[in-house]
Number of protein chains: 2
Amino acid sequence: MNKKKNETDIYTPTECKKFILPVRDVIDIVGGKWRLPIIIALSFKIHRFKELERQIEGITPRMLSKELKELETNGLVNRKVFDTIPASIEYSLTDYGKSLDKVIETMREWGLSHRNKIINE
Amino acid sequence: MNKKKNETDIYTPTECKKFILPVRDVIDIVGGKWRLPIIIALSFKIHRFKELERQIEGITPRMLSKELKELETNGLVNRKVFDTIPASIEYSLTDYGKSLDKVIETMREWGLSHRNKIINE
DNA sequence: TATACTGCTATACTAAAGTATAGCAATATA
DNA sequence: TATATTGCTATACTTTAGTATAGCAGTATA
């Protein structure tokens with residue numbers, strides 16, 4: 001009776017796994033508690049460090065600094081230094097960072113409908 | 001010169017924060033390394049525990065069990081027990097879980113284009 | 001002179017996520 | 001009889017994420 005193992009698994013042995021892979025990549029790049037919030041803030045406008053700190057509720061400068069570096073490394077965020085004294089630094093989205101807009105918008109819609117769902121129950 | 005604080009921040013003081021909120025909800029519900037992979041596997045077909053373990057590369061039974069419970073609690077996954085001996089248990093997506101399909105598809109597309117980008121550089 | 005601002009970094013810590021390994025009952029298969 | 005299967009749970013551990021607090025240089029503001 002439990003013999004059917006191969007029979008059931010054969011349905012989508014590679015197809016399902018293949019489907020998961022690119023989504024895993026996305027999770028690696030923009031997963032975690034802070035990265036999407038940062039990206040969203042930057043999609044509104046260029047921000048300086050302290051501005052981001054204020055827009056993203058609850059984030060500590062340590063986390064913000066860490067995540068900005070990661071996002072820069074992955075080519076999503078641009079860091080521009082102005083040699084005023086003291087230096088002012090602007091963070092902006094690269095084109096590649098901007099290309100997440102669809103993902104963010106889809107997630108936002110789902111999130112909103114979830115809120116509505118909770119409220120209407 | 002640094003006096004402009006309110007001038008710059010006033011642009012989107014609440015708008016940006018408001019925009020972030022529903023996305024945060026999504027992160028809370030399906031964030032982390034394993035939840036979306038699990039949901040994707042279940043979007044292909046109903047799975048039993050060991051089948052999921054095989055489809056989702058690298059997951060341990062502890063994590064799978066934990067995340068399935070969370071997903072059930074949040075109403076995304078359904079757990080159905082058949083009182084055969086030994087019991088067999090089927091995990092499936094609820095309609096609400098299924099409603100993530102757009103989010104997943106958008107993420108997948110972005111993930112694929114990221115792969116292409118890396119390959120083409 | 002005292003305080004606040006900017007753009008962080010350092011240190012020390014806690015909490016959450018994740019891994020590794022083993023095991024159990026009961027049946028089926030070799 | 002030995003091994004494999006299912007659907008997990010228990011224990012112990014490591015790693016990563018995240019928090020809390022303090023501080024610095026240099027300017028501007030009160």
Side-chain angles (χ1 to χ4, degrees), chain A residues 1-10 24 27-38 41-42 46-74 77-92, chain B residues 1-10 24 27-38 41-42 46-74 77-92:
Chain A
M1 225 226 221
N2 286 339
K3 195 40 200 300
K4 296 191 176 178
K5 186 202 127 189
N6 285 336
E7 238 174 275
T8 50
D9 276 16
I10 216 148
R24 280 204 167 188
I27 293 168
D28 287 344
I29 296 165
V30 296
K33 191 173 175 182
W34 301 115
R35 289 187 196 168
L36 282 178
I38 291 169
L42 295 180
I46 291 168
H47 278 78
R48 295 174 65 179
F49 193 88
K50 287 283 179 184
E51 287 174 335
L52 280 174
E53 222 181 314
R54 270 178 249 120
Q55 286 297 328
I56 299 158
E57 303 233 316
I59 199 165
T60 57
R62 188 188 194 272
M63 272 296 121
L64 181 53
S65 168
K66 229 178 108 182
E67 297 297 54
L68 281 170
K69 273 175 197 157
E70 278 287 329
L71 290 169
E72 215 193 328
T73 302
N74 279 306
V77 162
N78 219 289
R79 187 187 131 109
K80 197 173 174 184
V81 183
F82 295 87
D83 57 356
T84 54
I85 295 173
S88 85
I89 290 152
E90 285 185 356
Y91 294 94
S92 57
Chain B
M1 225 227 224
N2 287 338
K3 195 41 199 300
K4 297 191 176 178
K5 186 200 125 188
N6 286 335
E7 235 174 280
T8 49
D9 276 17
I10 216 146
R24 280 202 168 190
I27 292 167
D28 287 343
I29 295 165
V30 296
K33 191 173 175 182
W34 300 116
R35 290 188 196 168
L36 282 178
I38 291 168
L42 295 181
I46 291 168
H47 278 78
R48 296 174 65 178
F49 193 88
K50 287 284 178 183
E51 288 175 334
L52 280 173
E53 224 182 311
R54 271 179 249 119
Q55 286 298 326
I56 299 158
E57 303 234 316
I59 199 165
T60 57
R62 187 188 194 271
M63 274 295 121
L64 181 53
S65 168
K66 227 178 110 184
E67 298 297 54
L68 282 171
K69 272 176 198 157
E70 278 286 329
L71 291 170
E72 214 194 329
T73 301
N74 279 307
V77 162
N78 219 290
R79 188 186 131 110
K80 197 173 173 185
V81 183
F82 294 88
D83 57 355
T84 55
I85 295 176
S88 87
I89 290 150
E90 285 186 357
Y91 293 95
S92 58

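Convention: sequence-line order gives letters A, B, ...; per-chain numbering from 1.
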Please give, in whole Å, the distance from D/dA17 P to A/L64 CG?
16 Å
Round to a whole Å and report the spacing from CD of B/Q55 to P of D/dT6.
13 Å
Atom pair distance, as rounded to whole Å: CG in B/D83 and C1' in C/dA26:
15 Å
For nucleotides 8-23 of chain C, 5' to 3', base contacts (B), sugar-phosphate-only contacts (S) and non-contacts (-) with protein non-hydrogen atoms under 4.0 Å give BB-BB-----BBB---
Does B/R48 place a side-chain N or O at less than 4.0 Å from the phosphate oxygens OP1/OP2 of D/dT6?
no
For B/E67, check side chain to side chain contact (heavy atoms under 4.5 Å, CB included) against everything at least two apart and list the hits.
B/W34, B/R35, B/I38, B/E70
How far apart are the C-alpha atoms of B/E53 and B/K50, what are their side-chain angles, what is the distance that settles it, and do they pass the salt bridge (Lys or Arg N to Asp or Glu O under 4.0 Å) test?
CA-CA 5 Å; B/E53 224 182 311; B/K50 287 284 178 183; 3.5 Å; yes
What integer distance in Å separates B/H47:NE2 from D/dC8:C1'?
17 Å
Under 4.0 angstrom between A/R54 side-chain N/O and C/dT6 OP1 or OP2
yes
Closest contact, heavy atoms only, B/Y91 versus B/V77:
CD2-CG1, 4.1 Å
Which side-chain N or O atoms in residues 56-66 of chain B pair as donor and acceptor under 3.5 Å with protein atoms at least two apart or in another chain?
unit_1, atom_1, unit_2, atom_2, d
B/E57, OE2, A/K17, NZ, 3.1
B/T60, OG1, B/M63, N, 3.4

Intermediate values then yes/no, side chain to side chain contact (heavy atoms under 4.5 Å, CB included), A/L42 and A/L71
CA-CA 12 Å; A/L42 295 180; A/L71 290 169; 6.0 Å; no
Just so I know, are the side chains of B/R48 and B/S88 near enough to count as touching, which here means a heavy-atom distance under 4.5 Å?
yes
How many Å lie between CD1 on A/I27 and P on D/dT16, as a whole number?
17 Å
